[in-house]
Each structure stands twice: as structure tokens, then as C-alpha cells.
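Down below is the structure, laid out as C-alpha cells.
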Amino acid sequence: MGNSGILTDIGVLATCSPAGGQSELNIIRDAAIVFVDARINWVGEAADLPDAHSGLPTFSAGGRTVIPGLVDCHTHLAFGGWRADEFQMRIEGRSYLDIAASGGGIQKTMGQTRLATHESLLQHCLEYTSRSVRLGVTAIECKTGYGLSFDDELKLLRVYAELKGKTALDVASTLLAAHVVPKINPDGTKCNKQNYIKMICERLIPTVAEEGLAEFNDIFVEQGAYTTEDARLILKTGEKHGLKAKLHVDQLGDGGGGKLAAELAAISADHLEYTSPEGIRAMANADVVAVCLPFASLYLNQPPMKARAFLDAGVDVAVATDFNPGSAPSYDLPLAMMLACTMSRMTPAEALKGATLNAAKAISREQEYGSIEIGKRANFVELSVPDVNHWMYHFQPNSCVRTWIGGNRIFDSID
Ligand code: NIG
Ligand code: FE
């Protein structure tokens with residue numbers, strides 16, 4: 001039987017099942033997991049393994065800690081070129097917005113991404129997804145946002161569509177055509193904001209929906225990017241075409257992002273460094289997932305998102321990398337989790353549930369994966385650590401020993 005087996009000798013199993021809220025990992029010690037046809041069939045103490053499964057191939061976790069497969073629910077994976085020069089400029093005192101206004105930032109990456117071929121972007125995505133798997137990542141959300149024209153945004157979504165068939169990770173695609181307004185069109189003419197928004201609403205969103213190229217529609221609401229009015233128009237248009245709303249908000253200042261996300265019933269609102277207490281309450285009432293992105297706060301020298309205020313208000317908080325060539329040039333999700341602990345005051349347990357169950361919720365996959373429960377995909381990770389707290393505390397380059405996706409060992413550093 002393919003994709004079926006028993007993983008036993010698990011020292012600590014953090015199931016991350018929903019009961020008890022974000023701080024409760026629902027741990028089973030000396031555990032085993034039975035999976036049949038890529039899905040979890042039984043989970044419990046190894047001593048209680050039912051006889052019915054005795055014919056299945058058995059694998060030993062060697063006493064290790066096992067967690068659900070990690071989910072990176074916010075990345076800008078497909079991009080051309082890096083921006084190390086801006087890293088230095090910011091350290092020397094120039095601001096992110098100032099660099100962007102003088103031709104750097106997202107516009108610079110847009111230029112290089114437009115020049116990149118489908119094939120080179122696909123190879124880039126395959127390289128980084130395979131690196132992520134080695135860290136325990138089993139699913140990834142991928143945004144566009146560096147094409148910024150009808151053809152180039154579709155090019156990025158087509159790269160993600162092909163990536164889906166070529167990587168073992170689950171890929172969730174997001175249209176982020178409203179990242180910034182491009183300064184120039186691919187034909188060299190100046191781009192007008194109203195025409196660009198019209199193109200997104202009247203041509204791009206309908207085409208993306210018709211071809212099934214994305215599930216989510218995102219927008220960057222910020223000075224130098226888009227307004228809350230633009231967000232209402234673009235995200236409501238997406239909703240009409242079946243694209244669920246996501247938002248980049250309150251990253252560099254309080255733009256009323258929390259309230260806006262609640263009003264638009266967004267599936268997630270991300271960044272949130274400056275969100276007001278009213279915005280946090282509105283998100284709690286509307287059940288919007290708050291996505292904490294510690295790399296962006298760290299690299300842009302912004303105050304970190306106040307995760308405690310969100311958690312105390314009853315908001316589900318997810319943690320993600322925001323992997324991109326500007327504000328967050330790292331795909332290391334466990335490192336982002338550790339920074340969510342130290343910078344945003346999440347406990348290691350909260351950070352783990354944030355990068356598994358709540359991250360799955362941020363991409364509408366919480367019924368599919370994100371916890372080790374019967375019926376879910378057999379996605380889990382073996383870590384060479386005594387427990388979750390120790391993993392975050394004694395941070396090492398890589399504690400992931402094996403990554404299982406759909407009952408297959410996609411990464412195995414032992415065999
Ligand atoms: O999520 N906030 C806007 N967009 C990205 C940054 C993109 C870039 O700097 O290239 C972010 O941080
Ligand atoms: Fe982002």
C-alpha cells in the first residue's frame with residue numbers, strides 16, 4: 001500500500017489540534033501515528049496501537065519530537081534579482097519608503113521580474129521550495145506582485161501553477177497585482193493609477209478566476225501603495241469572482257487596517273505592526289487571522305507586531321516568512337517562529353500553532369492539514385529536539401531530520 005504506514009517511537013507529539021486555543025499543543029508522549037493512503041488514520045500512545053494496523057510498514061522516529069508539517073502562509077516566492085544594496089542603504093540610515101521613492105524597492109524588483117523568463121522563475125521557485133522542505137515546510141502560499149502588468153502577473157501565476165505539479169509541497173496562489181502602482185508599463189509608457197486599477201478589476205481578476213490561477217486576492221495598503229478605498233474596490237471585485245481577500249496593512253503606520261480587514265471579511269490581515277486596539281477588536285469579532293511577519297519588522301527596523309494584544313483579544317495569530325528580496329530576504333520559517341517568540345512575545349507553543357494550524361487557516365486549508373488529527377493529510381516533521389520549547393530556545397541552523405508529506409518522506413537526513 002503506497003503512502004501508508006506507522007510512525008512510532010515518537011518521544012513528544014505536538015498534535016496542534018484546535019482544542020484549548022493557541023497556547024495548547026495537545027501533546028501525546030510516547031506516541032504513534034498511523035497513516036493510510038496519505039491521510040492520518042489513527043493517532044495516540046504507541047502502547048495503544050490497534051492490532052488492525054499491524055501489517056503496515058513501520059518507521060521509527062527514534063524518540064524525536066514530531067510536529068505537523070509547517071505551513072508558510074505568506075511569501076512572495078517568484079521574483080527576479082536581489083536587493084542587497086538596499087540592505088546596506090537602510091543600515092546607513094535611509095528609509096524603506098525613501099529608497100522606494102528613488103527607484104529602488106518593489107519597482108526595482110518589478111523591472112528584473114519582468115525580464116525573467118517563466119523557466120528561470122520556475123527554477124528559482126523549485127530551488128527555494130526544496131530548501132524550505134528541508135526545514136520542515138510542507139505547504140506554501142505564493143504571491144505575485146512583481147510583474148505589475150496584465151501579462152507579467154499572469155506569468156507569475158502560471159509559474160506557480162506549474163510549480164504545483166513539480167514540488168511535493170502544497171502551493172496556494174495569491175494575486176497581488178495591487179502591490180504598488182508600477183511607474184512604467186512593459187511597453188515603456190507611464191502607468192496611470194486609475195487605468196492600472198481598472199485593468200486589475202476588469203481584465204486581470206476575471207481572467208485569473210476563469211483560468212483558476214489563484215484562490216486569494218491581496219493588496220498592499222500603505223503610503224506610496226494603495227488606499228483603503230482602492231482596497232474596497234479591488235478586494236470586493238475579487239470576491240465577486242470567488243477570490244478570497246487578504247491584506248498587507250498597518251506595516252509602516254496605522255492605516256486602519258484591522259478594521260478594514262474586518263469590514264471586508266478578509267481571511268487574513270498581515271504585518272499589523274501598528275494596528276490599533278479597535279482594529280484588533282474588530283479582527284477578533286470578524287475572525288480574521290492575524291499574520292505576524294517578524295523578518296519584515298526586523299529588516300525594516302519597525303516595531304514588531306504586538307502579538308500578545310492580538311492573542312489576548314482572541315485573534316488567531318499565524319507566523320510566516322514574507323520571503324521576498326526586499327523586506328524579508330529569508331525563507332527560514334523556524335527562524336521566523338523564534339523571532340515571533342523573542343520580538344512579538346509569543347510562546348514557543350503559540351508560535352508553533354501559528355506556523356501550523358493557524359497558518360493553514362490563513363490559506364483556508366485548516367480542514368486539510370495544520371494538525372495531526374484523523375482524516376488530515378499525513379504531513380509531519382521529525383525534529384532532533386527534546387521538546388518544542390527547547391527547539392525555539394536553543395535555536396540551531398536546522399533541527400529538522402525528516403519531512404513527511406502525504407505519507408512520503410520527502411526529506412530524510414537519516415537514510
Ligand atoms: O510584504 N509590504 C509590502 N510588500 C512586501 C515587501 C516587498 C519588497 O520590499 O520587495 C512585504 O514586506
Ligand atoms: Fe508580504
Side-chain angles (χ1 to χ4, degrees), residues 72-90 94-114 116 124 140-148 152-153 156 172-183 216-227 230-231 245-255 257 261 266-275 289-305 318-331 333 336 339 359 362-363:
D72 196 348
C73 68
H74 182 140
T75 83
H76 305 247
L77 184 64
F79 56 82
W82 294 92
R83 306 202 317 255
D85 52 337
E86 295 178 11
F87 176 65
Q88 181 174 336
M89 285 179 206
R90 287 197 304 272
R94 287 189 64 191
S95 79
Y96 182 71
L97 287 175
D98 173 40
I99 293 167
S102 53
I106 295 167
Q107 305 281 346
K108 185 174 174 199
T109 301
M110 174 198 77
Q112 288 171 284
T113 306
R114 284 180 178 174
H124 163 98
I140 188 166
E141 185 257 15
C142 299
K143 300 178 195 295
T144 66
Y146 292 118
L148 303 180
D152 291 292
E153 287 292 297
L156 297 181
S173 301
T174 299
L175 177 68
L176 177 61
H179 199 184
V180 292
V181 180
K183 286 205 170 86
F216 305 100
N217 188 25
D218 200 342
I219 184 164
F220 182 25
V221 179
E222 196 66 68
Q223 192 194 326
Y226 292 86
T227 65
D230 301 331
K246 282 181 163 283
L247 291 145
H248 282 70
V249 277
D250 301 339
Q251 182 186 11
L252 307 174
D254 179 11
I267 184 153
S268 79
D270 306 34
H271 285 293
L272 307 164
E273 282 89 338
Y274 288 94
T275 304
V289 178
V291 183
C292 177
L293 303 170
F295 286 136
S297 321
L298 184 67
Y299 276 92
L300 299 189
N301 203 15
Q302 292 292 315
M305 176 216 194
V319 179
T321 62
D322 194 16
F323 181 41
N324 73 68
S327 63
S330 172
Y331 57 87
L333 184 54
L339 294 172
I363 54 170

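Only heavy atoms go into these numbers, but all of them, side chains included; no hydrogens, no water, no symmetry mates. For ligands, and for the atoms within them, numbers begin at 1 and follow the listed sequence.
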Show me the donor-acceptor pairs, under 3.5 Å and distance only, between side chains in residues 216-225 and residues at least two apart or in other chains.
residue	atom	partner	partner atom	Å
Asn217	ND2	Ile234	O	3.1
Asp218	OD1	Leu247	N	3.4
Asp218	OD1	His248	N	3.4
Asp218	OD1	His248	ND1	3.2
Asp218	OD2	Lys143	NZ	2.7
Asp218	OD2	His248	ND1	3.2
Glu222	OE1	Gln251	N	3.3
Glu222	OE1	Leu252	N	3.1

Can you pull the residues with any heavy atom under 4.0 Å from ligand 1? His74, His76, Arg83, Tyr96, Ile106, Tyr146, His179, Phe220, His248, Gln251, His271, Asp322, Asn324, Gly326, Ser327
Donor-acceptor check, side chain of Asp322 to backbone of Phe295, threshold 3.5 angstrom: yes or no? no
What protein N/O/S atoms are there under 2.8 Å from the Fe ion (ligand 2), waters excluded? His74 NE2, His76 NE2, His248 NE2, Asp322 OD1
Are Phe79 and Phe323 an aromatic pair, judged by ring center distance below 6.0 Å? yes
Grab the two heavy atoms, one from [X] and one from [Y], that are nearest each other, plus how far apart they are.
{"X": "Ala328", "Y": "Ala296", "value": "CB-N, 4.2 Å"}
{"X": "Leu339", "Y": "Pro294", "value": "CB-CB, 3.6 Å"}
{"X": "Val289", "Y": "Ala318", "value": "CG1-CB, 3.9 Å"}

Do Leu300 and Glu273 have side chains that get closer than 4.5 Å, going by heavy atoms? no
With sequence neighbours excluded, residues passing ring pair (Phe, Tyr, Trp, His ring centres under 6.0 Å) with Tyr274: none
How about Asp250 and His271: does a side-chain donor come under 3.5 Å of a side-chain acceptor? no
